Amino acid sequence: MKSWFEEHFQEDYLRIYDHRDEEKAANELTHIMKYLPLERGMKAIDLCCGNGRHARWLARKGLHVTGIDLSPALLKKAIDLTAGLSVHYQRADIRDVPLLQEFDAAFNLFTSFGYFSDDAENELVFTRAAEALKSWGWFCFDYLNPAYVKNTLVPKDESIKDGLHVIQEREVSPEFVFKRITIKEGDTKREYQERVKLYEQDALKKMLERNDFKVLHLFGDYDASSYDSESSPRQIFICQKN
């Protein structure tokens, strides 16, 4: 039986979320990248790269990028959009992929974390990032802020997108945020689920430190604003490997 993320991140995902594009990637990275002293020609790895929008942005800044993701559909889209850029894509489960200490920077962006019920499985993202990095390499980790999610949750919305009638229903528990997506297209109906585990700042910081990362900066949004535990939309950690 497939996990929810294996079912979800396919062609329908690309159609519903096509607004998550190059411009949005630039908005998400431009300010926080000022805190990572990277130079042209360095090597970076994008863990759970999706359709490659962040990997392409990094490549346009002169980095040699490796993007890893499990979804064949998202990787195919990434490859289609990446012609002429220094990005290599690899299909792999981030929990299992062997990585050597060859990268100057690692990225895990836009809530590509917390997909598993088990904390140790989720923490493997940090372990793989540490394994991928050279000594003193940089890690940028971007995650949602549970308090903000709970305070701003929209229980249900409907939209028409690319000929699809999309219904999104959301709920939150003490440990998880859930989304059920129903897509109606003609006489057909398809359903997907998302489930992401909620982690507070202290828990994430302990995980990072267990994997030899020192947290140097914590931002609350992509504009590099200070983190506020109640009002910040994101938890963005800039770390360096010890």
Side-chain angles (χ1 to χ4, degrees), residues 1-25 28 46-55 67-81 89-97 108-125 142-200 233-235:
M1 185 176 177
K2 289 185 177 181
S3 301
W4 70 262
F5 49 86
E6 293 177 275
E7 297 278 1
H8 180 41
F9 295 120
Q10 303 299 333
E11 285 79 5
D12 280 334
Y13 178 88
L14 289 168
R15 293 172 70 183
I16 296 170
Y17 298 113
D18 64 353
H19 59 284
R20 295 176 180 172
D21 56 10
E22 316 298 293
E23 181 180 355
K24 193 166 178 60
E28 291 161 0
D46 186 357
L47 303 170
C48 308
C49 66
N51 73 359
R53 61 195 179 96
H54 297 110
I68 295 179
D69 204 273
L70 184 60
S71 166
L74 269 59
L75 287 172
K76 181 181 183 301
K77 184 69 171 180
I79 292 167
D80 290 345
L81 295 172
Y89 293 106
Q90 178 181 345
R91 181 172 184 258
D93 187 320
I94 195 62
R95 293 169 292 181
D96 302 325
V97 62
N108 180 251
L109 303 168
F110 208 72
T111 314
S112 300
F113 182 85
Y115 290 178
F116 311 107
S117 299
D118 182 65
D119 292 337
E121 278 194 281
N122 289 322
E123 190 173 334
L124 282 173
V125 172
D142 163 32
Y143 199 60
L144 53 78
N145 177 10
Y148 183 85
V149 170
K150 293 172 183 177
N151 293 336
T152 62
L153 189 79
V154 177
K156 183 177 180 179
D157 63 53
E158 298 188 37
S159 62
I160 303 296
K161 186 70 179 290
D162 190 28
L164 306 177
H165 179 196
V166 182
I167 304 164
Q168 301 188 76
E169 299 169 279
R170 305 170 184 86
E171 59 182 293
V172 66
S173 73
E175 281 197 292
F176 294 92
V177 58
F178 302 90
K179 183 192 291 185
R180 182 167 63 251
I181 302 166
T182 303
I183 298 174
K184 298 178 181 179
E185 184 177 24
D187 296 328
T188 66
K189 183 171 78 170
R190 300 182 291 278
E191 293 187 344
Y192 303 95
Q193 292 189 2
E194 294 181 13
R195 187 197 66 195
V196 176
K197 193 162 188 179
L198 300 175
Y199 287 102
E200 303 290 345
R234 313 296 302 172
Q235 302 181 78

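None of the values given here were measured: they were computed from a predicted structure.
If you take SG on C49 and CD on Q90, they are separated by 10.0 Å, rounding to the nearest 0.5 Å. A distance of 7.5 Å separates CD in Q168 from CD in E194, rounded to the nearest 0.5 Å. The NE2 atom of H165 lies 6.0 Å from the NZ atom of K184; values are rounded to the nearest 0.5 Å. Taken from CD1 in I68 to OH in Y89, the straight-line distance is 12.0 Å, to the nearest 0.5 Å. Distance check: D46 CG to S112 OG gives 7.5 Å after rounding to the nearest 0.5 Å. Here the CG-CG distance, from L47 to L124, works out to 12.0 Å after rounding to the nearest 0.5 Å.
N108 is not listed as a side-chain neighbour of I94, based on a closest heavy-atom distance of 4.5 Å or more. Between D119 and K197 there is a side-chain heavy-atom pair separated by less than 4.5 Å. Side-chain contact between E191 and I181: absent, with no pair of heavy atoms (C-beta onward) separated by less than 4.5 Å. Proximity of L144 to L198: side-chain heavy atoms (C-beta onward) are separated by under 4.5 Å at one or more points. The closest side-chain heavy-atom distance from R195 to S117 is below 4.5 Å. For the pair D157/R170, a side-chain contact is recorded, criterion being any heavy-atom separation below 4.5 Å from C-beta on.
The stretch residues 146-155 participates, sequence neighbours left out, in no side chain to side chain donor-acceptor pair (under 3.5 Å) pair at all.
A donor-acceptor distance shorter than 3.5 angstrom exists from the side chain of D142 to the backbone of F110, with no hydrogens or angles considered. The backbone N or O of L164 sits nowhere less than 3.5 Å from a side-chain atom of D162 that would complete a donor-acceptor pair. A donor-acceptor contact shorter than 3.5 Å is absent between the side chain of Q193 and the backbone of R180. Side-chain atoms of R190 do not come within 3.5 Å of backbone N or O of I183 as any donor-acceptor pair. The closest donor-acceptor contact from the side chain of R91 to the backbone of L70 lies under 3.5 Å.
The salt bridge (Lys or Arg N to Asp or Glu O under 4.0 Å) check on E171 picks up nothing, with sequence neighbours excluded. In this view, Y199 and F113 satisfy the ring pair (Phe, Tyr, Trp, His ring centres under 6.0 Å) rule, not counting sequence neighbours.
Using a 4.0 Å cut-off between charged nitrogen and carboxylate oxygen, R15 and E185 count as a salt-bridge pair.
Nearest heavy-atom pair, R53 versus A25, reported as atom, atom and distance to 0.1 Å: NH1-N, 3.5 Å.
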Carefully, step by step, assess Y115 and V125 under the rule side-chain contact (heavy atoms from CB on, under 4.5 Å).
CA-CA 11 Å; Y115 290 178; V125 172; over 6 Å; no
